[in-house]
Trainee: 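Before I ask anything, here is the structure I am working with.
Convention: sequence-line order gives letters A, B, ...; per-chain numbering from 1.
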Number of protein chains: 2
Amino acid sequence: MARPLVPLISIDALVTAALELVDEAGDFSLPKLAKRIGVSQSSIYNHVSGREEILELMRGRIITESPYVLEDGQDWEAALRAIVRSYRDAFARHPRLAPLLVLQTVQDDQVLALYENLAVALQEAGFRGRDVVSAISTIDSFALGFALDLAAPDVVWAPPAQGYPTLTSALTHAGPSDERGEAAFDFGLEILIAGLHSRLQPTAS
Amino acid sequence: MARPLVPLISIDALVTAALELVDEAGDFSLPKLAKRIGVSQSSIYNHVSGREEILELMRGRIITESPYVLEDGQDWEAALRAIVRSYRDAFARHPRLAPLLVLQTVQDDQVLALYENLAVALQEAGFRGRDVVSAISTIDSFALGFALDLAAPDVVWAPPAQGYPTLTSALTHAGPSDERGEAAFDFGLEILIAGLHSRLQPTAS
DNA sequence: TACGATAAACGAAAGCCTTTCGCTTTTATG
DNA sequence: CATAAAAGCGAAAGGCTTTCGTTTATCGTA
């Protein structure tokens with residue numbers, strides 16, 4: 001086939017199809033991506049530099065699709081809650097994307113803006129100097145961990161029937177896996193915020 | 001070659017070589033593993049079921065190599081600190097292993113024992129029912145996130161010179177990347193414990 | 001002692017994957 | 001109107017994991 005009258009491939013279509021593949025199969029490959037769009041593998045390289053760029057484009061896409069709202073008079077707690085929730089929501093819609101992104105440097109503008117807003121909120125809260133980055137790293141680890149939890153196998157821990165009585169008993173109290181994840185995230189977010197609070201007011205108020 | 005007088009492959013040697021490859025290259029493959037031991041790829045399948053099993057064996061190995069000590073009269077805080085630190089130390093010695101393990105169900109006995117000890121400590125602290133699992137999940141997300149941070153590229157966030165002033169300024173305060181990670185982990189662990197405390201005593205003591 | 005079962009190596013091959021290269025044709029630019 | 005760039009294609013190189021059949025040494029048992 002020669003050059004078509006109207007391009008068969010667009011970056012938008014590429015990202016959409018790749019995201020579908022990840023949602024369905026937990027991974028994507030250029031052969032499958034090409035087949036889904038109906039073009040050949042090599043044609044894709046006319047639009048992106050390779051697999052990595054497609055991954056970074058997907059990161060931008062899902063963050064954009066899960067906006068957070070920062071209101072004017074909002075205190076830092078509310079801002080932090082909104083940001084972390086939206087970040088987590090983004091990955092909740094595409095759980096299986098998280099593991100594919102953990103190793104890549106964040107370069108997407110939308111995502112960097114999210115971290116900038118986080119930094120502003122923490123400074124407003126009263127954190128200074130190195131503590132700002134430490135707090136960002138902590139929040140990041142927390143959010144990333146929970147994002148990965150969404151992609152983890154339904155049974156994260158598989159203790160045999162014998163031994164591990166406390167763990168086994170706790171797991172039976174947890175209910176189905178999606179409820180466990182949801183409850184744990186709410187719990188964890190409150191723990192996190194309470195912990196940050198205590199750092200700001202070392203002695204009881 | 002026929003069956004050799006003394007086996008060329010042992011599971012121990014397999015895991016050791018695989019771990020070396022991961023430390024060096026951030027990944028391992030059966031061809032490379034076979035070449036390092038000096039056997040053919042397919043011989044490995046006489047000892048393990050496949051790639052996945054080797055990964056799980058590596059998880060067991062690094063946890064065993066980073067023991068934690070639980071003393072008798074120890075309070076839950078000390079136990080939790082010891083467990084989380086040892087978990088993180090294990091991955092600090094082999095940072096590039098973490099990304100390879102995030103998707104696999106935990107089946108190794110040593111690792112399950114670690115979670116059992118976590119559950120016991122949390123119950124001693126006073127958590128009950130669903131909260132025990134929520135707390136475990138939170139701690140797990142936290143620890144996993146920081147383990148991944150060790151494997152992340154030196155520059156996790158790459159904001160351009162323009163824009164993102166607060167984030168950029170915070171990053172300059174953070175110093176080199178390993179110091180940032182270390183300080184952040186200490187910070188995060190204290191935040192986490194303080195947060196858990198606050199959950200136990202909803203009203204100020 | 002003889003013999004069959006098992007263990008542990010091998011080579012070959014199937015079927016994935018990413019990426020590069022050269023070729024063709026259309027479109028846009030100057 | 002000529003030429004360069006863009007956008008498709010097919011072929012192929014060089015990875016990867018895993019399966020299969022074959023060979024041979026060892027071990028337990030009759």
Trainee: Compare the minimum distances between each of D/dA7, C/dT27, D/dG10 and the side chain of A/Leu5, then state the nucleotide with the smallest one.
Mentor: C/dT27
Trainee: Report yes if a donor N or O on one partner sits less than 3.5 Å from an acceptor N or O on the other, where the partners are the side chain of B/Asn46 and the base of C/dA9; otherwise report no.
Mentor: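 Side chain to base: pair present.
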Trainee: When you measure from the side chain of A/Pro4, which nucleotide among C/dA9, C/dC10, D/dA7 comes out closest?
Mentor: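 Per side-chain heavy atoms of A/Pro4, the pick is D/dA7.
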Trainee: Expressed as a whole number of angstroms, how long is the span from B/Leu100:CG to D/dT17:P?
Mentor: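 Taking CG of B/Leu100 and P of D/dT17, I get 12 Å after rounding.
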Trainee: So which heavy atom on B/Gln107 is nearest to which on B/Leu112, and how close?
Mentor: O-CD1, 3.7 Å
Trainee: Under 3.5 Å, which donor-acceptor pairs do the side chains of residues 139-152 of chain B form with other protein atoms, sequence neighbours left out?
Mentor:
unit_1: B/Asp140; atom_1: OD1; unit_2: B/Tyr115; atom_2: OH; d: 2.3
unit_1: B/Ser141; atom_1: OG; unit_2: B/Ser137; atom_2: O; d: 3.1
unit_1: B/Asp149; atom_1: OD1; unit_2: B/Arg180; atom_2: NH2; d: 3.4
unit_1: B/Asp149; atom_1: OD2; unit_2: B/Arg180; atom_2: NH2; d: 3.3

Trainee: Could you state the atom-to-atom distance from CD1 of A/Ile9 to C1' of D/dA7 in whole Å?
Mentor: 8 Å
Trainee: To the nearest Å, give me how far apart CG (A/Leu21) and P (C/dT18) are.
Mentor: 11 Å
Trainee: Compare the minimum distances between each of C/dT27, D/dT18, C/dT18 and the side chain of A/Gln41, then state the nucleotide with the smallest one.
Mentor: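 Out of C/dT27, D/dT18, C/dT18, the nucleotide with an atom closest to A/Gln41's side chain is C/dT18.
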Trainee: Under 3.5 Å, side-chain donor or acceptor atoms of residues 23-32 of chain B against the rest of the protein: list the pairs with distances, not counting sequence neighbours.
Mentor:
unit_1: B/Asp23; atom_1: OD1; unit_2: B/His94; atom_2: ND1; d: 3.0
unit_1: B/Asp23; atom_1: OD2; unit_2: B/His94; atom_2: ND1; d: 2.9
unit_1: B/Glu24; atom_1: OE1; unit_2: B/Arg36; atom_2: NH2; d: 3.0
unit_1: B/Glu24; atom_1: OE2; unit_2: B/Arg36; atom_2: NH1; d: 3.3
unit_1: B/Asp27; atom_1: OD1; unit_2: B/Arg51; atom_2: NH2; d: 3.0
unit_1: B/Ser29; atom_1: OG; unit_2: B/Lys32; atom_2: N; d: 3.4

Trainee: Without decimals, in angstroms, what is the distance between B/Ile54 CD1 and D/dT17 P?
Mentor: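 One finds 9 Å between P of D/dT17 and CD1 of B/Ile54, rounded.
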Trainee: Are A/Leu70 and A/Asn117 side-chain neighbours, meaning at least one heavy-atom pair lies under 4.5 Å?
Mentor: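 When only atoms from C-beta onward are counted, A/Asn117 and A/Leu70 do touch, with a gap below 4.5 Å.
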Trainee: Whole Å only: how far is the CD atom of B/Glu53 from the C1' atom of D/dT17?
Mentor: 15 Å
Trainee: Can you tell me the distance, in whole Å, between the CD1 atom of B/Ile44 and the P atom of C/dA7?
Mentor: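 Spelled out: CD1 on B/Ile44 to P on C/dA7 is 18 Å.
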Trainee: Nearest to the side chain of A/His47, which nucleotide is it out of D/dG8, C/dA9, C/dC10?
Mentor: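 Looking only at heavy atoms from C-beta outward on A/His47, the closest nucleotide is D/dG8.
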Trainee: Expressed in angstrom and rounded to an integer, what is the separation of A/Tyr45 atom OH from C/dT18 atom P?
Mentor: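 Answer to the nearest Å: 7 Å.
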Trainee: Any N or O donor-acceptor pair linking the side chain of A/Ser42 to the base of D/dG8 at under 3.5 Å?
Mentor: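 There is none.
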Trainee: Heavy atoms, side chains only, cut-off 4.5 Å: are B/Leu122 and B/Leu80 in contact?
Mentor: yes
Trainee: Could B/Arg88 and B/Phe185 be counted as a cation-pi pair, given that NZ or CZ must be under 6.0 Å from the ring centre and within 45° of the axis?
Mentor: yes
Trainee: Can you tell which of C/dC10, C/dA8, C/dT18 lies closest to the side chain of B/Ser43?
Mentor: C/dC10
Trainee: Quick check on contacts: within residues 23-36 of chain B, what sits under 4.0 Å from DNA chain D by heavy-atom distance?
Mentor: B/Phe28, B/Ser29, B/Leu30, B/Pro31, B/Lys32
Trainee: Closest heavy-atom contact between B/Trp76 and B/Ala121?
Mentor: CB-O, 3.3 Å
